[in-house]
Amino acid sequence: MRPALRLFNTASLSVEEFKADGTVGMYCCGPTVYNYQHIGNMRTYIFEDILRRALKAAGFKVNHVVNITDVGHLTDDADSGDDKMEKGAEREGKTVWDIAQKYTNTFMQNIDALNIEHPEAFPRATDHIPEMIAMVQTLIDKGFTYTTDDGIYFDTAKFPDYVKFARLDPEQLMAGARIDMGEKHSNTDFALWKFSPKDKKRAMEWDSPWGVGFPGWHIECSAMSLKYLSQPLDIHCGGADHIRIHHTNEIAQVEAATGKKFCRHWLHGEWLVMEKGEKMSKSKGLFVTLDVLKKEGINPLAYRLYCFSAHYRSPLKFSWTGIESAAQSYASLKKQVASSAAKTDSDLSSTRIDEVLTAFWAAVNDDLNMPRALAAIWDMLKDGSITADEKRAALKIADTILALDLLKVEAADSVTEKISSGGSKVVFTGSKEFSDEHVTRVLSIVDARKAAKLEKNWAESDRLRDELVAMGVIAKDMKDGSTECVLK
RNA sequence: GGCGACAUAGCCAAGUGGUAAGGCCACGGUCUGCAAAACCGUUAUUCCCCAGUUCAAAUCUGGGUGUCGCCUCCA
């Protein structure tokens, strides 16, 4: 018996049993494609992927939508702010459209590398300008807006429930305001449509009933979520930063426009933080991408495992020693699976598998507690009362959530086999690439060491191994007489 | 300035009233000429500090210290 799926809801600040009729409509805030997504962004998508997989495991169908934000929002709320897409284009000497395509592509590559399932829809903001204009028009018609010199604004004073979701105190927000109010009536009012500057043509702008301009920063998610999902949405996710501004504004504009509840269940992922606890952020230039990880020889799935070490609602500290320990953990997990599991798939009763995975499902369904779920997997692997067949079958099921390719045998392409001139078999492993001459030198040292070992000249063979270490090579003597060289 | 979160072993962390999960590292053992790998085992009388509630507190309350986040685009 698996327990019912329980999930934290930001709206109630408590863990609730999740219920839905059949299909779950789920909207997750996606990337703005003006630059690389860093691994902190990826942490949120991994959390949402676990949510998606847990929903499916609990028997729900999922209709999952993730937006691609390819409209340039401003870097700040004042007129002086630059458009991020335009800045990206300027930086790389390309058009904004090229920039959007480039970073959409790398985003897709990244999520694929992390075994993140694709949602049912990936709508792009620029394909939905008419829907956004229609929603703004509705809000205008219903009297929730006012117009200033630079745009059409949502009047939060007309929506008394505005403060409810994030439990805001408008007076206090006012007191802390650091931004230029411009002509806004209230600090919490936000733009629905911005007019293009009169003296400058923007790279991305559209005609509207109110003049040439571009959509405000919150309208796209609202317009697109309502186009692809039925209201109220069952689930809406995003990063923790979205609670106070983005999601609060979304609720206001949607509920004002439709008169109906926007979304039932909200989940927010916490930050990946740097060693001092500061969040990884693009604007601070403090970030690591998946490609950087890969260059350092870290398997993306080791990063996925790293994300499971903390609960999604807790900040997770990132460090290089941390990611290396995750890589180590990932390697040893796969080795355990390979060595302890039987070679063939077996048909075991699902009751028995669920029994073996009791602790695992209890953890997953308890608000996606992946640290506990992983602990359950380690405990299961060490449990002598569970057979190898059962372990393998259980891991296959657990991997529908973990998606760590636990049963997949690694392709041997990172392993190179060479025969030295002395006839020794040398197997090269490891992530670093070495030049041909470097490899040749390693081979000759391996030969020399082998000769020394045959003469039982241990001092010489140890010296030669040290020499290899100095070159960044760890030599292991294998049972079959070959030498494995790990390049570091 | 306002609001909020967090503080658990060397590191990453789970645990929200019943006597400290798990991973990595380290250490010991088996194996090895020695190593490496693998396997087995060990590692927090204690959860930032002080006071309180309770039969019982890492978990609740009050105070203090520290770190971070949000209030501006942001996962």
Side-chain angles (χ1 to χ4, degrees), chain A residues 28-32 34-35 37-48 69 72-78 81-84 87 166-169 171-180 187-188 217 237-246 268-284 287 305-306 308-319 321-330 332-333 335-336 339-340 359 363 369-379 382 453 456-459 461-462 465-466 469 474-479 483-484 486:
Chain A
C28 299
C29 292
T32 304
Y34 69 100
N35 201 338
Q37 291 281 293
H38 56 65
I39 57 174
N41 301 123
M42 290 300 148
R43 183 185 180 202
T44 299
Y45 302 123
I46 289 170
F47 137 63
E48 289 160 356
T69 297
H73 294 321
L74 301 187
T75 50
D76 66 44
D77 204 15
D82 297 312
D83 179 308
K84 283 185 180 177
K87 267 181 101 172
R167 293 153 188 86
L168 303 173
D169 182 343
E171 309 250 330
Q172 302 294 3
L173 285 176
M174 296 282 276
R178 268 188 263 155
I179 52 165
D180 182 7
N187 180 44
T188 50
W217 12 128
C237 306
D241 59 314
H242 283 155
I243 299 169
R244 282 178 162 244
I245 306 291
H246 183 54
H268 294 92
E270 256 299 340
W271 306 125
L272 183 71
V273 300
M274 304 305 280
E275 284 175 82
K276 281 182 190 162
E278 301 162 290
K279 79 174 195 183
M280 188 173 280
S281 99
K282 280 187 237 182
S283 50
K284 287 183 191 161
F287 70 94
L305 178 66
Y306 189 62
F308 298 162
S309 66
H311 188 262
Y312 78 88
R313 283 192 284 119
S314 302
L316 169 62
K317 280 190 195 163
F318 175 81
S319 67
T321 55
I323 190 67
E324 274 155 23
S325 92
Q328 185 57 45
S329 179
Y330 183 58
S332 89
L333 187 58
K335 270 180 202 160
Q336 281 225 20
S339 63
S340 75
N369 192 323
M370 297 313 288
R372 248 172 63 205
L374 246 295
I377 293 298
W378 284 105
D379 288 344
K382 284 186 289 194
K453 284 183 64 171
K456 295 195 190 295
N457 186 349
W458 309 127
S461 75
D462 287 350
R465 183 168 53 207
D466 289 345
V469 168
I474 294 167
K476 304 178 190 176
D477 302 328
M478 307 307 282
K479 284 256 153 62
T483 306
E484 183 181 339
V486 182

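Order of the sequence lines fixes the chain letters, A, B, ..., with proteins taken first and strands second; residue numbering starts at 1 for each chain.
Where RNA chain B pairs in unbroken runs of 3 or more (Watson-Crick or G-U, both distances under 3.5 Å), the stems are B:1-7 with B:65-71, B:10-12 with B:22-24, B:26-30 with B:38-42, B:48-52 with B:60-64.
For the C1' atoms, the distance from G69(B) to G62(B) is 25 Å, rounded to whole Å. To the nearest whole angstrom, the two P atoms, one in C47(B) and one in U59(B), are 9 Å apart. Between A36(B) and U43(B), the distance separating the two C1' atoms is 24 Å to the nearest Å.
Rounding to whole angstrom units, CE of residue Met274(A) and P of A75(B) are separated by 16 Å. Counting to the nearest Å, the C1' atom of C74(B) and the CH2 atom of Trp271(A) are 6 Å from each other. Summarising the geometry, the separation between NZ on Lys317(A) and C1' on G10(B) is reported as 13 Å, rounded to the nearest angstrom. When rounded to the nearest whole Å, the span between CD of Glu278(A) and P of C6(B) equals 19 Å. When the C1' atom of C74(B) is taken as reference, atom CD1 of Ile245(A) falls 11 Å away, rounded to whole Å. Across the protein-nucleic acid pair, Ile377(A) atom CD1 and A13(B) atom C1' stand 18 Å apart, rounded to whole Å. Atom NE2 in His246(A) sits about 17 Å away from atom C1' in C71(B), given to the nearest Å. For Arg313(A) and A14(B), the CZ to C1' distance is 13 Å, given to the nearest whole Å.
Counting distance only, with no hydrogens placed and no angle test, the side-chain atoms of Lys84(A) and the base atoms of C73(B) include a donor-acceptor pair under 3.5 Å. Checked by distance alone, Lys279(A) brings no side-chain donor or acceptor within 3.5 Å of a matching partner on the base of C68(B). With hydrogens and angles ignored, a donor-acceptor pair closer than 3.5 Å exists between the side chain of Arg465(A) and the base of C34(B). For Asp241(A) against G69(B), no side-chain N or O and base N or O form a donor-acceptor pair under 3.5 Å.
Partners of Arg313(A) by side chain to side chain contact (heavy atoms under 4.5 Å, CB included), not counting sequence neighbours, listed by chain and number: Phe8(A), Val15(A), His311(A), Asp367(A). Shown here are the side chain to side chain donor-acceptor pair (under 3.5 Å) partners of Lys317(A), two or more places apart in sequence or in another chain: there are none. In this structure, the side chain to side chain contact (heavy atoms under 4.5 Å, CB included) partners of Ala373(A), at least two apart in sequence or on a different chain, are Phe360(A), Ala363(A), Val364(A), Met370(A). Remark: Ala310(A) pairs with Arg43(A), Leu316(A) by the side chain to side chain contact (heavy atoms under 4.5 Å, CB included) rule, at least two apart or across chains. Among residues two or more places apart in sequence or in another chain, the side chain to side chain contact (heavy atoms under 4.5 Å, CB included) test is passed with Leu305(A) by Phe308(A), Ser329(A), Tyr330(A), Leu374(A), Leu404(A). Remark: Ser314(A) engages no residue in a side chain to side chain donor-acceptor pair (under 3.5 Å) (not counting sequence neighbours). Under the side chain to side chain donor-acceptor pair (under 3.5 Å) criterion, Glu48(A) pairs with no residue at all, not counting sequence neighbours.
Close to G33(B), at under 4.0 Å from its OP1 or OP2, lies no side-chain N or O of Lys453(A). For Asn369(A), a side-chain nitrogen or oxygen approaches OP1 or OP2 of G15(B) to under 4.0 Å. When the side-chain nitrogen and oxygen atoms of Trp217(A) are compared with OP1 and OP2 of C73(B), one or more of them lie within a distance under 4.0 Å. Here Ser314(A) reaches the OP1 or OP2 of A14(B): one of its side-chain N or O atoms lies under 4.0 Å away.
Of the candidates U72(B), A35(B), C73(B), the closest approach to any side-chain atom of Asp477(A) belongs to A35(B).
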Taking only N/O atoms, report every protein-nucleotides 20-23 of chain B pair under 3.5 Å with atom names and distance.
from: G23(B); atom 1: OP1; to: Lys382(A); atom 2: NZ; distance (Å): 2.9
from: G23(B); atom 1: O2'; to: Ser329(A); atom 2: OG; distance (Å): 2.6

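Using the six-membered ring where Trp is involved, Phe47(A) and Tyr312(A) have ring planes that are parallel, under 30° apart on the 30 and 60° scheme.
The existence of a salt bridge linking Lys279(A) and Asp241(A) is excluded, since no basic side-chain nitrogen approaches an acidic carboxylate oxygen closer than 4.0 Å.
Atom NZ of residue Lys84(A) and atom OG1 of residue Thr69(A) lie 10.0 Å apart, to the nearest 0.5 angstrom.
Using a 4.0 Å heavy-atom cutoff across all strands shown, Leu272(A) reaches at least one base atom of the nucleic acid.
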